[in-house]
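These numbers come from the heavy atoms of this one structure, side chains and all, not from hydrogens, waters or symmetry mates. Here the structure is a predicted model, which is why all the values come from computation and not from measurement.
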Amino acid sequence: MKNLIKIAIILPLILLASCTSISTTSPQESPKILGMDGQTKQIMITNYGYYLFNCIPLASGSNADGSFEFFSDKVNLKDAMKSLNDECQKLGTTQVSNVQTEKTSTCFFDWSPLFSSTFGIYWFKEIQLSASINFEKNSQSK
């Protein structure tokens with residue numbers, strides 16, 4: 001019985017765990033990106049969260065890598081661009097190109113006839129932002 005209670009407490013917390021992920025490639029000089037001199041890195045920012053009725057935030061990733069917040073809606077373009085700006089400042093560059101975004105929203109119970117996506121109780125949202133960032137040949141990059 002105690003194990004069942006532990007599972008009943010821990011399982012919702014695991015389902016609510018959200019995160020922001022920021023990953024970059026190592027600097028490279030080829031393939032050359034038009035309009036950019038020096039070395040480039042590719043950066044990918046992913047943020048996801050869980051919502052009730054696709055609008056009430058339960059938990060979502062924050063602006064920093066590996067962080068999350070409860071009852072906060074950070075799965076949007078504004079916060080993804082803020083994360084990109086913060087990461088560029090940390091890496092010491094201001095030249096960004098080829099910015100692409102993708103946002104998805106999925107209902108967990110769309111397989112159920114009683115809780116279909118038209119009613120949609122529990123939702124998962126995700127935003128991804130990718131870009132090329134440039135480092136001049138003389139500058140030091142991380």
Side-chain angles (χ1 to χ4, degrees), residues 1-136 139-142:
M1 186 66 171
K2 288 183 181 181
N3 288 337
L4 186 59
I5 293 172
K6 287 179 186 177
I7 290 172
I9 293 171
I10 293 173
L11 187 61
L13 293 176
I14 291 172
L15 289 175
L16 287 176
S18 312
C19 191
T20 297
S21 169
I22 300 173
S23 55
T24 60
T25 62
S26 59
Q28 55 193 12
E29 291 189 16
S30 63
K32 191 145 189 85
I33 297 175
L34 294 176
M36 294 186 127
D37 296 327
Q39 295 181 331
T40 60
K41 278 186 172 186
Q42 305 303 312
I43 186 168
M44 171 73 93
I45 297 170
T46 304
N47 190 2
Y48 60 92
Y50 299 96
Y51 296 78
L52 286 178
F53 306 109
N54 204 17
C55 62
I56 302 169
L58 297 174
S60 68
S62 185
N63 290 336
D65 191 18
S67 63
F68 71 96
E69 295 179 6
F70 289 109
F71 310 112
S72 175
D73 184 10
K74 300 281 186 169
V75 184
N76 55 55
L77 184 58
K78 177 183 172 188
D79 287 307
M81 289 300 291
K82 182 176 180 348
S83 296
L84 175 64
N85 186 39
D86 293 346
E87 190 68 16
C88 287
Q89 286 180 352
K90 187 166 58 172
L91 295 172
T93 184
T94 58
Q95 296 183 1
V96 178
S97 70
N98 198 24
V99 177
Q100 298 180 13
T101 61
E102 181 179 351
K103 187 171 182 180
T104 58
S105 185
T106 307
C107 182
F108 275 101
F109 300 113
D110 62 352
W111 52 267
S112 170
L114 297 176
F115 302 107
S116 68
S117 60
T118 55
F119 183 59
I121 295 174
Y122 193 58
W123 290 76
F124 170 82
K125 289 184 186 181
E126 178 180 43
I127 189 164
Q128 291 185 340
L129 183 143
S130 64
S132 299
I133 55 178
N134 184 50
F135 299 94
E136 293 180 17
S139 69
Q140 293 289 333
S141 60
K142 295 181 182 179

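- Atom-to-atom distance recorded for Ser105:OG and Tyr48:OH is 15.5 Å, nearest 0.5 angstrom.
- In this structure, Ile133 and Cys88 have side chains that are in contact, with non-hydrogen atoms separated by less than 4.5 Å.
- Taking Glu87 as the reference, Lys90 meet the salt bridge (Lys or Arg N to Asp or Glu O under 4.0 Å) condition, with sequence neighbours excluded.
- Using a 4.5 Å heavy-atom threshold, the side chains of Cys55 and Trp123 count as separate.
- Residues satisfying the salt bridge (Lys or Arg N to Asp or Glu O under 4.0 Å) test with Asp73, not counting sequence neighbours, are none.
- The CG atom of Leu58 sits 14.0 Å away from the CD atom of Glu69 when rounded to the nearest 0.5 Å.
- A donor-acceptor distance shorter than 3.5 angstrom exists from the side chain of Asn47 to the backbone of Lys74, with no hydrogens or angles considered.
- Here OH of Tyr122 is found 11.5 Å from OH of Tyr51. Values are rounded to the nearest 0.5 Å.
- Rounded to the nearest 0.5 angstrom, Leu91 CG and Asp86 CG are separated by 11.0 Å.
- Atom CD1 of Ile43 and atom CG of Leu129 lie 8.0 Å apart (nearest 0.5 Å).
- Listed here is the closest heavy atom pair of Ser72 and Ser60: O-OG, 2.6 Å.
- The minimum heavy-atom distance linking Thr46 with Glu126 is given by the pair CG2-OE2, 3.2 Å.
- Considering only heavy atoms from C-beta on, Phe71 stays 4.5 Å or farther from Pro57 through its side chain.
- Between Lys82 atom NZ and Ile45 atom CD1 the span is 11.0 Å, to the nearest 0.5 Å.
- Counting only heavy atoms from C-beta outward, the side chains of Asn76 and Ile127 never approach each other to under 4.5 Å.
- Contact annotation: the side chain of Thr104 never approaches that of Gln128 to less than 4.5 Å [non-hydrogen atoms, C-beta and beyond].
- For the pair Ser132 (side chain) and Asn98 (backbone), a donor-acceptor distance under 3.5 Å is absent.
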